[in-house]
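Beneath this line is the structure, given in structure tokens, with notes to follow.
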Amino acid sequence: MIALSSQRRRLQRKVDAVPFWWHSIDLGNGVVTPGHKSPDTLRREFDALALPDLRGRSVLDIGGWDGFFAFEAERRGAARVAVLDHYMWSMDSPGQQAYWRRCKAEGVAPQPYHETEFWHPDTLPGKRGFDLAREALGSAVEPIVADFMSCDLAGLGRWDIVLYLGVLYHMEEPLSALRRLEAVTGELAVVETEAIVVPNLEHEALWRFFPGAELNGDISNWWAPNLAALLGALRAAGFASAHPLAAPPAALLAAPGGPHHYRLTAQATTS
Ligand SMILES: C[S@@+](CC[C@H](N)C(=O)[O-])C[C@H]1O[C@@H](n2cnc3c(N)ncnc32)[C@H](O)[C@@H]1O
């Protein structure tokens, strides 16, 4: 009992020493990381992906950050799981967030974060959470430190299931990104993204462009598609089929004006 609680205190101290957590991850012994995304949110988000049985499958989580989705895939029996990331792993997140808040308060657009003093690809300060969670869980999830837009796809290989969650709208070239996604997908890719509804124009494939920091004051947001644009882009990228997991909210379709924003999840298959 005493050994367990001292183990727990040691783990809690390590969790507290990580300056920023994006994901709440249950590390066991009653220790849950204090993520920006709560355990309830993450459970809902995972369920909303409507993934098939993961037992024995390979899963690649592109832009997986602290790794919640990858660790969960491993817990559900996936045979091989990896997180590929580099951007937030290279970031001093507390510094970058304070900078973002300052810019917002002053009404100026931030510099691209990878051109600021908060970018440290040499020491990867933003990967500490993933590393600690992996160690505490005794996990075999593989970290792949790489920019998905420039890494060698042949070396990465194909994975049965590929998660691309919260990443697409950060891409300057979303169609190229989806082509690369198709190239590493064996069976199924799941794309979750910021999306738009423009009432009465849902039949058109529309992308909203954010030349500066218009979306949430965040300079790293570039494009948000409507449903027709995302499905069309997935097919143009080479996927055999693509479908949304939920229709755009009826309230937004009926709301005056627009574009209105929501989060859209779609699945795309290679055959
Ligand atoms: C909004 S976060 C989403 C994190 C996680 N997938 C989730 O849904 O909770 C976007 C993630 O994409 C990563 N990312 C952005 N551009 C990337 C790129 N070119 N290659 C790999 N990862 C990238 C960021 O580092 C960050 O971890």
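Any value given below was found using the heavy atoms of this structure, including those in side chains, with hydrogens, waters and symmetry copies removed. Ligands are counted one by one from 1 in listed order, and the atoms in each one are counted from 1 as well.
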Under 4.0 Å from any heavy atom of His23, which atoms of ligand 1 are there? 5 (C), 7 (C), 9 (O)
Once you restrict to heavy atoms under 4.0 Å, what part of Glu45 touches ligand 1? Side chain, backbone, both or neither. neither
Using distance alone, decide if ligand 1 has a nitrogen or oxygen within less than 3.5 Å of any nitrogen or oxygen in Leu165. yes
Is the shortest side-chain heavy-atom distance between Gln111 and Ile219 below 4.5 Å? no
Any carboxylate oxygen within less than 4.0 angstrom of a Lys/Arg side-chain nitrogen, looking at Asp40 and Arg43? yes
Relative to the heavy atoms of Leu84, which atoms of ligand 1 are at a distance of less than 4.0 Å? 21 (C)
Is the Phe148-Tyr87 ring centre distance short of 6.0 angstrom? no
re atom 7 (C) of ligand 1, the protein heavy-atom contact at minimum distance is Lys37 NZ, 3.4 Å
Proximal candidate to atom 19 (N) of ligand 1 [heavy atom criterion; set Val83, Leu163, Asp147, Leu168]: Asp147
For Lys14, is there an ion pair with Glu135 - N to carboxylate O distance below 4.0 angstrom? yes
Can you confirm whether or not the ring centre of Phe209 sits under 6.0 Å from the ring centre of Trp223? yes
Atom indices of ligand 1, in the order listed, that fall short of 4.0 Å to a heavy atom of His86: 18 (C), 19 (N), 20 (N), 21 (C)
Take atom CG of Asn200 as the centre, draw a 6.0 Å sphere, and report whether it contains more than 12 heavy atoms from other residues, nucleotides or ligands. no
Going by distance only, is there an N or O of Tyr169 that falls short of 3.5 Å from an N or O of ligand 1? no
Atom indices of ligand 1 within 4.0 angstrom of Met88 heavy atoms, with elements: 24 (C), 25 (O), 26 (C), 27 (O)
Please check whether Val167 reaches ligand 1 - meaning an N/O of the residue sits under 3.5 Å from an N/O of the ligand, judged on distance alone. no
In the protein, what heavy atom is nearest to atom 1 (C) of ligand 1, and what distance, to one decimal place, separates them? Gly166 O, 3.3 Å
Per atom 5 (C) of ligand 1, closest listed option by heavy atom (Gly63, Ala177, Cys151): Gly63
Contact check: Trp89 vs ligand 1, nitrogen or oxygen atoms, below 3.5 angstrom: no
Side chains of Phe130 and Phe71 in contact at under 4.5 Å (non-hydrogen atoms): yes
Does an N or O from Asp85, backbone or side chain, lie closer than 3.5 Å to an N or O of ligand 1? yes
For ligand 1, is any non-hydrogen atom under 4.0 Å from Phe68's backbone (N, CA, C, O), its side chain (CB onward), both, or neither? neither
Only heavy atoms count here, so choose which of Phe148, Trp22, Tyr87 is nearest to atom 15 (C) of ligand 1. Tyr87
Between His170 (side chain) and Ser220 (backbone), is there a donor-acceptor pair under 3.5 Å? yes
For atom 17 (C) of ligand 1, closest protein heavy-atom neighbour: Met171 CE, 3.9 Å
Heavy-atom donor-acceptor pair, Trp65 side chain to Gly129 backbone, under 3.5 Å: no
Check this for me: Glu173, atom CD, are more than 12 non-hydrogen atoms of other residues, nucleotides or ligands nearer than 6.0 Å? no
Strictly below 4.0 Å, N to O, side chains only: are Glu182 and Arg179 in salt-bridge contact? no
